[in-house]
A.B. asks: 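Pasting a structure here, questions to come.
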Amino acid sequence: MEIVSTMADYKRAYEQSVAHPEDFWSEIASDFVWKRKWDKVLEWDFKNAEVKWFIGGKMNITENCIDRHLAERADQTAVIWEPGDPGQKARMITYQQLHDEVCKVSNVLKSHGVRKGDRVCIYMPMVPELAYAVLACARIGAVHSVVFAGFSAGSLADRINDAGCKMVLTADGAFRGDKKVDLKKIVDEAVDKCPSVEKVLMLERIASKPSMKAGRDFDWQEEMNKADANCKAEEMDAEDLLFILYTSGSTGKPKGMVHTCGGYMVHVGYTFRTVFQYQPGQIFWCTADIGWVTGHSYILYGPLSAGATTVIFEGIPSWPDQGRFWQAIERHKVNTFYTAPTAIRSLQQSSVEFVEKYDLSSLKILGSVGEPINEEAWQWYNKNIGKEKCPIVDTWWQTETGGIMISPIANVTKLKPAFASFPLPGVQPAVMDEKGNEISGNGIEGRLAIKFPWPSIARTIYGNHQRFKEIYFSTFSGMYFTGDGCKRDDEGYYRITGRVDDIIIVSGHNLGTAEIENAIDEHKAVCETAVVGFPHDIKGQGVYAFVICYEKPKDEEKLRQEIRDTVSKIIGPIAKPDKIQFVSGLPKTRSGKIMRRILRKVAEGDTSNLGDTTTLLDPTIVDEITRGALG
Ligand code: PRX
């Protein structure tokens, strides 16, 4: 495939991708290994939310990520695993070892009755075995559903049941800094409520020796000892399911986004090589968890399809101290470092001595993902980490888009801090006004939609195509709606301004306000809740909850703590509200709709202009809420 390496290349590739999208993607796809070539490149109908790529093509993504590299790179490191504890030794896994381990897990899954099309839930810490598990599912054609190992038993059970998973792969526990979390206990509690689960495979990570249920639970190592290191890759249709990944929605129920094999592989492989200008031999580190889409696409599938060396980091950025990332960069001579603005902002708070202690001269390219990066964080990252020599690629995309959509191309695009810049070749954005008309020209602002399909677009919401169609394809006729607002400046650079729907992004994690409201309402003292986001220095957005109780709370602080614990138990610690204000009512319209615009203003601490409140059922409630606002 031709990789863009100058701005003139970019312009040419972009124009070709718009004029002849099928030829453009067909040429890129030809660089992958197919067992059978496709008959037709694309069929689509956005009105009915239908998209298919590489129709009739047969392949297996693991042959592209592993087998095809064996001739040249069997002994090259595929995965560098950096443990959470810097005192422990890193593990280097070559492409040959990756092949063998993935095949062994594949055979273990098969021996427990997992077949092509079955769903497998993976709830594991960031260890190499997590990568083996994901790739093993792909190898045998089982659909993986990775659930971030910070979710509660209830959230895990909901996701397992929604996908009807047959098997769960987990570990006894995980290290989080110097703490241990008992994952198996959470899995036990979840699986009790999941009739579809027949088997649980457990890796030992924290030596906690949890109880094992005979006939259901199996020890990872014992099973691996019996398994063969060869397993034929299942022939997959390009449109067969590769994975389901849950993301928060504006209603309480998470959406199981479905990605398929062929298009996803082509898009993440192409964008990895283009955006990061990856060169053979380089070390690539994406700090996301594999439980999020960033980890799927740019720790595993993208880098491995390019034969890269990818880093998997088990730890957290602040333990044992704020220098942990920089220490690991020095240790492994990382060339490309891809992280989230929230991590940058939190490390920016600490002394630069934590950075200066380490040699970061191996770095060539920096990346950012997950939320808008503010200019201050961008400058700090550029100065202290990149030493003003490394381009920062601010990559905009979503779980639903599967891969990067709008982003600078490293060393090609002239950068503007906090701008995701231009659409990649193959991506056709449109900025829309509230009436649903496309706004043309530059120097404009509106809602971001995409006019034409790209190969890694999600194909549906698992088990609910109608919901998929309504959420993404009904706002703007014939277009995919992203849920984000954006600006296009005078030079055509895009800046993503944030969500325009009821999703808040806390530390780069999507949370639906309805999901948190439902969790808070579970507390017996709570009658009704409204949740909004507010600007937070480190997390980007924080969670602000307005809560009505049945009775006036006697001890507000104690009740706040109980509410936080309830949310933590029902969803997970990431969703805990930062601020809880007790109120006697909410600003509702006569039709009963909460006017969130007012609550957002209060949460932002800006009550100077609350707009028109005359349509409210009880306008006096606004005064009460404003007076009680938490600073
Ligand atoms: O609001 C956008 C924001 O994150 C949302 C997607 O979240 P998720 O599906 O969890 O995927 C995150 C990792 C790809 C988007 O709708 N977002 C993501 N990247 C950026 C961003 N906002 C601004 N700039 C970005 N670079």
Side-chain angles (χ1 to χ4, degrees), residues 146-148 150-151 243-250 254-259 264 267-268 271-272 275 286-299 301-302 338-345 366-375 377-378 381 392-408 413 415-424 427 429 447-450 454 456-458 461 471-472 475 480-488 493-512 515 533 539-541 574-575:
V146 185
V147 177
F148 171 60
F151 277 114
F243 66 85
I244 302 171
L245 186 58
Y246 286 86
T247 185
S248 293
S250 349
K255 304 169 287 194
M257 302 314 308
V258 169
H259 283 282
Y264 174 81
H267 192 104
V268 298
T271 52
F272 172 74
V275 170
C286 164
T287 68
D289 192 286
I290 292 175
W292 309 115
V293 74
T294 312
H296 281 55
S297 302
Y298 299 105
I299 295 179
Y301 290 117
Y338 186 32
T339 195
T342 183
I344 301 166
R345 285 192 300 265
L366 301 176
S368 166
V369 60
E371 55 179 309
I373 178 166
N374 49 310
E375 188 158 349
W378 196 98
Y381 197 27
I392 299 174
V393 289
D394 176 358
T395 63
W396 174 84
W397 57 295
Q398 309 178 297
T399 306
E400 294 86 341
T401 71
I404 300 172
M405 300 287 283
I406 301 182
S407 171
T413 313
L415 302 173
K416 269 191 200 182
F419 280 80
S421 79
F422 302 121
L424 292 179
V427 175
R447 292 164 184 230
L448 180 62
I450 315 281
W454 60 99
S456 63
I457 182 175
I461 291 175
I471 296 178
Y472 302 102
T475 311
Y480 166 86
F481 176 45
T482 63
D484 281 327
C486 77
K487 289 182 179 163
R488 190 164 59 213
Y493 278 69
Y494 285 80
R495 177 185 194 136
I496 312 300
T497 47
R499 304 288 309 186
V500 293
D501 55 14
D502 289 336
I503 289 178
I504 45 188
I505 303 194
V506 179
S507 300
H509 304 317
N510 275 9
L511 298 169
E515 202 180 352
K539 301 197 229 178
Q541 279 189 296
I574 46 172

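In what follows, residues are counted from 1 in the order of the sequence shown. Note that ligands are numbered from 1 as they come in the structure, with each ligand's atoms numbered from 1 the same way.
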A.B. asks: State the atoms of ligand 1, each with its element, that fall below the 4.0 Å cut-off from a heavy-atom position in Trp397.
C.D. replies: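 Reading through ligand 1 atom by atom, the close ones are 6 (C), 14 (C), 15 (C), 18 (C), 19 (N).
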A.B. asks: Check the side chains of Thr339 and Thr287 for a donor-acceptor pair under 3.5 angstrom, ignoring hydrogens and angles.
C.D. replies: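 The criterion, which ignores hydrogens and geometry beyond distance, is satisfied for Thr339 and Thr287.
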A.B. asks: Does any N or O of ligand 1 fall below 3.5 Å from an N or O anywhere on Thr247, backbone included?
C.D. replies: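 By distance alone, the answer is no.
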A.B. asks: Among Thr395, Val275, Ile406, which one satisfies side chain to side chain contact (heavy atoms under 4.5 Å, CB included) with Leu424?
C.D. replies: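 In the set Thr395, Val275, Ile406, the residue that makes a side chain to side chain contact (heavy atoms under 4.5 Å, CB included) with Leu424 is Val275.
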A.B. asks: Step by step, work out the ring-ring contact (aromatic ring centres under 6.0 Å, His included) result for Trp454 and Tyr264.
C.D. replies: CA-CA 9 Å; Trp454 60 99; Tyr264 174 81; over 10 Å; no
A.B. asks: For residues Asp484 and Trp396, is any side-chain donor paired with an opposing acceptor at under 3.5 Å?
C.D. replies: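 Distance-only check passes for Asp484 and Trp396.
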A.B. asks: Would you say the rings of Phe148 and Trp292 are close, in the sense that their centroids are separated by under 6.0 Å?
C.D. replies: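 Centroid separation for Trp292 and Phe148: below 6.0 Å.
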A.B. asks: For atom 19 (N) of ligand 1, which of the options Ser368, Pro341, Gly370 provides the nearest non-hydrogen atom?
C.D. replies: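 Considering heavy atoms of Ser368, Pro341, Gly370, the nearest to atom 19 (N) of ligand 1 sits in Gly370.
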A.B. asks: Near Asp484, which atoms of ligand 1 are under 4.0 Å from a heavy atom of that residue?
C.D. replies: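 Near Asp484, the atoms of ligand 1 are 1 (O), 2 (C), 15 (C), 16 (O).
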A.B. asks: Do the side-chain N and O atoms of Tyr246 and Thr399 include a donor-acceptor pair separated by under 3.5 angstrom?
C.D. replies: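 No - no donor-acceptor pair under 3.5 Å links their side chains.
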A.B. asks: Give the contacting part of Glu371 toward ligand 1: side chain, backbone, both or neither, where contact means a heavy-atom distance below 4.0 Å.
C.D. replies: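 Near ligand 1, Glu371 shows its backbone, while the atoms from C-beta on stay back.
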A.B. asks: Enumerate the atoms of ligand 1 whose separation from the nearest heavy atom of Ile496 is less than 4.0 angstrom.
C.D. replies: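 Those of ligand 1 that fall under 4.0 Å from Ile496 are 22 (N), 23 (C).
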A.B. asks: What orientation do Tyr338 and Tyr298 show, parallel under 30°, tilted 30 to 60°, or perpendicular over 60°?
C.D. replies: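 Taking Tyr298 first and then Tyr338, their aromatic rings stand perpendicular (interplane angle over 60°).
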A.B. asks: Classify the ring geometry between Tyr301 and Phe243 as parallel (under 30°), tilted (30 to 60°) or perpendicular (over 60°).
C.D. replies: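 Taking Phe243 first and then Tyr301, their aromatic rings lie parallel (interplane angle under 30°).
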A.B. asks: Heavy atoms only, cut-off 4.0 Å: how does Thr399 contact ligand 1, side chain, backbone, both, or neither?
C.D. replies: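 Thr399 to ligand 1: contacts from backbone and side chain alike.
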A.B. asks: Are Phe481 and Tyr472 close enough that their ring centers fall under 6.0 Å?
C.D. replies: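 No - the distance between ring centres of Phe481 and Tyr472 does not fall below the 6.0 Å cut-off.
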A.B. asks: For ligand 1, which atoms, with element, lie under 4.0 Å from some heavy atom of Thr395?
C.D. replies: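 Counting atoms of ligand 1 from 1, those under 4.0 Å from Thr395 are 19 (N), 20 (C), 25 (C), 26 (N).
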A.B. asks: Suppose we measure from atom 13 (C) of ligand 1 to each protein heavy atom; which comes out shortest, and what is that distance?
C.D. replies: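 Nearest neighbour among protein heavy atoms for atom 13 (C) of ligand 1, to 0.1 Å: Thr294 OG1, 3.3 Å.
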A.B. asks: Could you check atom 23 (C) of ligand 1 against the protein and tell me its nearest heavy-atom contact, residue, atom and distance included?
C.D. replies: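 Here the nearest protein heavy atom works out to Pro372 N, 3.1 Å.
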A.B. asks: How far is atom 5 (C) of ligand 1 from its nearest protein heavy atom, and which residue and atom name does that atom have?
C.D. replies: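 Nearest neighbour among protein heavy atoms for atom 5 (C) of ligand 1, to 0.1 Å: Ile505 CD1, 3.7 Å.
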A.B. asks: Which of the numbered atoms in ligand 1 are under 4.0 angstrom from any heavy atom belonging to Val369?
C.D. replies: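 Answer, ordered by atom number: 13 (C), 14 (C).
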A.B. asks: Just jot down the ligand 1 atoms closer than 4.0 angstrom to any heavy atom of Asp394, in number order.
C.D. replies: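 Answer, ordered by atom number: 24 (N), 25 (C), 26 (N).
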A.B. asks: So which bit of Ile503 gets within less than 4.0 Å of ligand 1, heavy atoms only: side chain, backbone, both or neither?
C.D. replies: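 For Ile503, no heavy atom sits under 4.0 Å from ligand 1.
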